[in-house]
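Only one structure is covered here, and it is reproduced in the block below.
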Amino acid sequence: MSTSKRFTVGWLYPDLMNIYGDRGNILTLLRRAEWRGLEARVVELQRGAVGGMDDVDVFFFGGGQDREQALIYDDLKEFKQESLQNAVGGGAQILAVCGGYQLLGHYYQTADGERFDGIGLIDVTTRAGKKRFIGDVVVVTSIEGLTPSTLVGFENHSGRTFLGPNAKPLGKVLSGRGNNGSDKTEGTVQGGIIGTYLHGSLLPKNPHLADHLIGAALRRRGDGALSHLDDSEELAAHGWILQRAQRR
Ligand code: GLN
């Protein structure tokens, strides 16, 4: 099949950075590409030198506890950083959740004061607080043209992330804590990178965000138009979480 019909998801550290159902994001990206007639495939990007990162359309970097983050942050700098920078520079997209999100920034500092260097692809810094933020989150997103404009998910993190001048929030928190529980922001959008604290997994209940990532990645090949899908079930799940949050 020609490369223009191929859609590749690059899954960073699937054995270590994959908690609270994050693999559901991989399945959603693959199925939604297949339903558009693309040949969807996933490339697992484990620790060590890996090939094929320049073929990836969308990278996924899931969440992980401090222990797992400690196991991979050196590898991220040594073996993945340059290829990720080049890929995003060429129009690939990255979706990073929680632990993965934190390590795309400048650093993540644990509650014990241990600092894990990030790769600085996004202008954020994160320090862990004493209390974990756990629960449902509803966000109004700042991404133009997303319908609905809300995103729903589940958070479980100790990190408090603060955005620098080159990053903008993924959205405004309507319920839950988001980036840091104080400035009402959630996540980060910077170039082709989306960082977020929304586990759940995120994309099955936010199909509009999945299509945003798929379409943006395909546009680099000159073909970002996606056929319409019946998302009534997915959006019913989305709406149920919205209603539940409003009842609280
Ligand atoms: N260990 C990080 C924190 O506690 C990330 C956790 C996660 O990925 N859910 O903030």
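FYI, side chains are in, hydrogens and waters are out, and symmetry mates aren't considered; it's all heavy atoms of this structure. Ligands are counted one by one from 1 in listed order, and the atoms in each one are counted from 1 as well.
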Working note: Arg6 + Asp57, criterion salt bridge (Lys or Arg N to Asp or Glu O under 4.0 Å); need CA distance, chi angles, decisive distance, verdict. CA-CA 9 Å; Arg6 187 182 291 167; Asp57 294 299; over 6 Å; no

Distance-only donor-acceptor pairs under 3.5 Å for side chains of residues 85-93, two or more places apart:
from, atom 1, to, atom 2, distance (Å)
Asn86, ND2, Glu82, O, 3.3
Gln93, NE2, Gly91, O, 3.2

Please list, chain by chain and in numerical order, all residues satisfying ring-ring contact (aromatic ring centres under 6.0 Å, His included) with His199, sequence neighbours excluded. Tyr20

Taking atom types as modelled, is there a side-chain donor on Ser201 or Asn25 under 3.5 Å from an acceptor on the other? no

Can you sort out the partners of Phe154 under ring-ring contact (aromatic ring centres under 6.0 Å, His included), two or more places apart, ordered by chain and number? none

Write 'none' if nothing qualifies; otherwise put on separate lines each N/O atom of ligand 1 with a protein N/O atom under 3.5 Å away and their distance to 0.1 Å.
from, atom 1, to, atom 2, distance (Å)
ligand 1, 1 (N), Gly64, O, 3.2
ligand 1, 1 (N), Asp66, N, 3.4
ligand 1, 1 (N), Asp66, OD1, 2.6
ligand 1, 1 (N), Gln69, OE1, 2.8
ligand 1, 4 (O), Arg132, NH1, 3.4
ligand 1, 4 (O), Arg132, NH2, 3.4
ligand 1, 4 (O), Ser158, N, 3.1
ligand 1, 4 (O), Ser158, OG, 3.0
ligand 1, 8 (O), Gly64, N, 2.9
ligand 1, 8 (O), Gly64, O, 3.2
ligand 1, 8 (O), Gly99, N, 3.0
ligand 1, 9 (N), Asn156, O, 2.9
ligand 1, 9 (N), His199, NE2, 3.0
ligand 1, 10 (O), Gln102, NE2, 3.0
ligand 1, 10 (O), Ser158, N, 3.0
ligand 1, 10 (O), Gly159, N, 2.9

Would you say Thr161 and Gln102 are linked by a side-chain donor-acceptor pair, where the criterion is simply a distance under 3.5 Å? no

